[in-house]
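Every chain is numbered from 1, with letters handed out A, B, ... down the list of sequences.
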Number of protein chains: 2
Amino acid sequence: MAAVPSRRERARTATAQEILATARALLVASGPSAVTLRAIAREMGMTAPGLYRYVASHEDLLVQLIAELYGELTAALERARDAVGPDVAARLLAVSRAFRTWGLAHRAELGLLFGSPLPGIDTPPGSETDEAGRRFGAVFLGLFAELWAQQPFPVRADDEIDPRLVDELTAWRGVEGGMPYGALEVFLHCWVRLYGAVVVEAFGHVGFALTDAEPLFERELAVLGEMLGLPYAPP
Amino acid sequence: MAAVPSRRERARTATAQEILATARALLVASGPSAVTLRAIAREMGMTAPGLYRYVASHEDLLVQLIAELYGELTAALERARDAVGPDVAARLLAVSRAFRTWGLAHRAELGLLFGSPLPGIDTPPGSETDEAGRRFGAVFLGLFAELWAQQPFPVRADDEIDPRLVDELTAWRGVEGGMPYGALEVFLHCWVRLYGAVVVEAFGHVGFALTDAEPLFERELAVLGEMLGLPYAPP
DNA sequence: ACGCTGGAGTGAACGGTGTAAGCAACGTGA
DNA sequence: TCACGTTGCTTACACCGTTCACTCCAGCGT
């Protein structure tokens, strides 16, 4: 790779960046259906077919956008993690709260990342989007592994776990080595519950009873922490 | 209301039904973006403007579709509930499993009901969609109230609960009277976790580790049952 | 039995969308 | 300087939601 990119290359990456930024702006301003090739081009002072020099299709644009949003969310989580001290319990709380905060502040983006998958948008293993999602998960998984190393929480023994689950975890453990099946099970369990707590609120599916689900979310954090043997501290 | 609808009225309701059925078929076949007025009309052998005799707009069509899907899901839950005996614990398990089963078998529909809300689609209180959603929730809430009446589970006292949460629950309790704040809190907690467990799998957000999350789901049911003092029985 | 009314459905049209093909202009390396 | 690859534009096509003017016919009152 050229250490000093040529003038054309600089212009090209700048335009590519501007396309994603404009798409992002349209997304937050008017929802996913507004992130349209023609609208982006209009906003940038060019025409839609010109964008095809940078994106292969509308779908490809959305895939790129999702990858970038994953990156931004991951960065926000890492900032929150590093803003508190090195204590793992505090870091897990901070990262979880940052996830909820980002999701509520960026509902449209959260819908793109964690809502029902749009048909035609698939993220095969190894794709940029898949990798970005993996980096997102690694923030949680890293803290989890650290917690397990420092201060193991109670888990089920291998022979207490549904053998089908063990089978599936085996393949994944190849990648995420180091923790026993029981700990991986607890990790997935925590992910499911954190996902649910954030997404149900952001998508408005506790709205029938609550307008602000923060107390419910904090309660969930407390219960999860208890399961992991962690102290709970209010925000 | 006329006891015997006129010929024209019968034709009208039949067409209205066919529109929704065609929309549904397109949804499951090709995703939400394929449920298009022109495609529905094409499928039915008529032209798009003709549909405007039956739906006010594309958005209105989606709202009607959502209401119908809520109805279908609710019927499936009630069938599952009534298929087991009158035991509340067994019924709660059956209904929860039926929710997951329906969601996995109808991912596109689940996305419409519980995914990120489409902009422009709002369900004001009292709307048909809102009522349909309420009837869906009533299946769970009814069983919960029955359980509370028969065999109360441990809940927090009123003064242990975040006062902001109490405030919000007060308005809702007006509708769902009978249970103390602590029990309502537990109900919402259970809803959040059930929602998360079903949606995270149906939307593919545990796919990084598992292809079949049933063992994880059953584990969650067991933990939830424990919280409610209920025996767990595998499916 | 007749005529009228109102609902069902059509065709054309407008502005929006994604996308393909061909063409003009311009930076870049020989 | 010159050829070339890249960039972006114009044009064009098919599809979308939606409106409007229009035809047609079932069903009603007389």
In whole angstrom, what separates [X]'s [atom1] from [N]'s [atom2]?
X         : N       : atom1 : atom2 : result
Ile121(A) : dG18(C) : CD1   : P     : 13 Å
Arg10(B)  : dA26(D) : CZ    : P     : 15 Å
Glu43(B)  : dC16(D) : CD    : P     : 11 Å
Arg38(A)  : dT10(D) : CZ    : P     : 12 Å
Ile40(A)  : dT17(C) : CD1   : P     : 11 Å

Would you say the side-chain atoms of [X] pair up with the backbone N or O of [Y], donor to acceptor, closer than 3.5 Å?
X         : Y         : answer
Glu128(B) : Gln64(B)  : no
Glu201(A) : Ala213(A) : yes
Trp102(B) : Arg97(B)  : no

Taking for each residue the nucleotide of DNA chain C with the nearest heavy atom, is it Arg53(B) or Leu37(A) whose nucleotide lies nearer the 5' end?
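Between the two, 5'-proximity favours Arg53(B).
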So, is [X] near the phosphate of [N], with a side-chain N or O under 4.0 Å from OP1 or OP2?
X        : N       : result
Arg42(A) : dT17(C) : yes
Thr47(A) : dG8(D)  : no
Tyr52(B) : dT18(D) : yes
Thr36(B) : dC15(D) : no
Arg12(B) : dG7(C)  : no

Ionic contact status for Arg91(B) with Asp82(B), cut-off 4.0 Å
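Salt bridge flag = yes for Arg91(B) with Asp82(B).
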Under-4.0 Å salt bridge between Glu220(B) and Arg193(B)
yes
Closest nucleotide among dA12(D), dA8(C), dT18(D) to the Tyr54(B) side chain:
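Minimum distance to the Tyr54(B) side chain belongs to dA8(C).
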Near-ring test Phe99(B)/Phe136(B), centroid separation under 6.0 angstrom
yes
If you fit an axis to the five pairs at each end of the helix from dA1(C)-dT30(D) to dA30(C)-dT1(D), how big is the angle between those two axes, to 10 degrees?
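The end axes of the helix from dA1(C)-dT30(D) to dA30(C)-dT1(D) are about 0° apart, to the nearest 10°.
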